[in-house]
Amino acid sequence: MAEAGPTPSTGQLATGLREFKGVQVLARRPTPTRSSAPAAGERRGTDLDYAFVADEEMAFAARKAFDAAGGEKVKIVTVNGTDEALAALKDGRFAATVSNSAKDTGELAVTNAISLLRGEKAQKIATTPAHLITKGNADIAPLYCPSDGL
């Protein structure tokens, strides 16, 4: 597995994956933008089973880079669950995404901020639900950022 997007959260992922037998984190490196992906394809390993990419924009770039280098079989796993990523799941460009609703995260942040402004206690570490989304459940995935008519 390769990991793109060296951030604190992807560092935690790399640490956690070391606990699983048969999983190796081979690299942590920035992924190109969609426009620069074909040139970067020559530098990517096409013999990987999976590549975890820390955001969908980079995941689309990685998909393009792997394809350009002959790595069509490399499965891409990413995060967010936007409409574009769900379409990529359905057509096979991505293997999975971890959906974390921007709406849920925003609501929790505002709720905690209001509590703090009122002098009330708020959670020091607040979490929102995350869901593993695959082709099999993409049709019922929670919306990343629903419009709610606003």
Side-chain angles (χ1 to χ4, degrees), residues 1-38 40-41 43-113 122-150:
M1 185 191 95
E3 172 190 19
T7 66
S9 61
T10 57
Q12 291 171 349
L13 174 71
T15 301
L17 286 173
R18 289 188 185 105
E19 297 177 18
F20 294 94
K21 185 177 180 178
V23 175
Q24 288 182 311
V25 177
L26 302 175
R28 288 183 70 204
R29 60 181 116 171
T31 301
T33 62
R34 288 191 208 194
S35 61
S36 66
R43 297 190 307 269
R44 303 290 183 230
T46 58
D47 59 342
L48 299 173
D49 295 321
Y50 286 89
F52 174 79
V53 187
D55 80 36
E56 291 172 356
E57 183 68 21
M58 290 190 300
F60 282 105
R63 173 77 285 147
K64 193 173 183 181
F66 281 123
D67 291 350
E72 296 85 359
K73 69 172 184 63
V74 177
K75 296 172 185 77
I76 302 287
V77 178
T78 188
V79 296
N80 287 344
T82 63
D83 291 342
E84 190 176 10
L86 295 177
L89 281 171
K90 292 175 185 178
D91 68 23
R93 288 177 287 162
F94 293 170
T97 188
V98 178
S99 173
N100 55 343
S101 168
K103 177 182 180 281
D104 292 345
T105 302
E107 285 177 359
L108 182 60
V110 170
T111 298
N112 284 341
Q123 298 173 326
K124 287 186 179 184
I125 298 176
T127 59
T128 56
H131 307 277
L132 180 63
I133 309 300
T134 64
K135 186 175 186 174
N137 65 354
D139 288 333
I140 59 169
L143 296 175
Y144 176 68
C145 193
S147 66
D148 287 342
L150 299 176

_Nearest non-hydrogen partners of V53 and A59, listed with the distance_ = CG1-N, 3.3 Å
*With A122 via side chain to side chain contact (heavy atoms under 4.5 Å, CB included) - residues at least two apart*: N112, S115, L116
_Set of residues satisfying side chain to side chain contact (heavy atoms under 4.5 Å, CB included) with respect to N137, sequence neighbours excluded_ = I133, T134, I140
*Apply side chain to side chain contact (heavy atoms under 4.5 Å, CB included) to R93 and F60, showing your working.*
CA-CA 8 Å; R93 288 177 287 162; F60 282 105; 3.4 Å; yes
*F52 versus I76: any side-chain heavy-atom pair under 4.5 Å?*
no
*Could you tell me which residues satisfy salt bridge (charged side-chain N to carboxylate O under 4.0 Å, His left out) with K90, sequence neighbours excluded, listed by chain and number?*
D139
*Where A54 and V79 come nearest, the two heavy atoms and their spacing*: O-CG2, 3.0 Å
*Between A130 and V98, which heavy-atom pair has the shortest distance, and what is it?*
CB-CG1, 3.9 Å
*Could you walk me through whether F94 and T78 pass the side chain to side chain contact (heavy atoms under 4.5 Å, CB included) check?*
CA-CA 8 Å; F94 293 170; T78 188; 3.8 Å; yes
*How would you list, by chain and number, every residue that makes a side chain to side chain contact (heavy atoms under 4.5 Å, CB included) with T105, sequence neighbours excluded?*
T128
*Do any pairs count as a salt bridge (Lys or Arg N to Asp or Glu O under 4.0 Å) and have a residue in residues 69-82, sequence neighbours left out, and if so which ones?*
none
_Taking salt bridge (charged side-chain N to carboxylate O under 4.0 Å, His left out) as the definition, give me every residue that meets it alongside D67, ordered by chain and number, with sequence neighbours left out._
R63
*Strictly by modelled atom types, are T82 and E56 linked by a side-chain donor-acceptor pair under 3.5 Å?*
yes
_Pairwise distance NE2(H131) to OG1(T97) - rounded to 0.5 angstrom_ = 12.0 Å
*asked:* Just verifying a value: how many Å separate F66 CZ and L48 CG, rounded to the nearest 0.5 Å?
replied: 5.0 Å
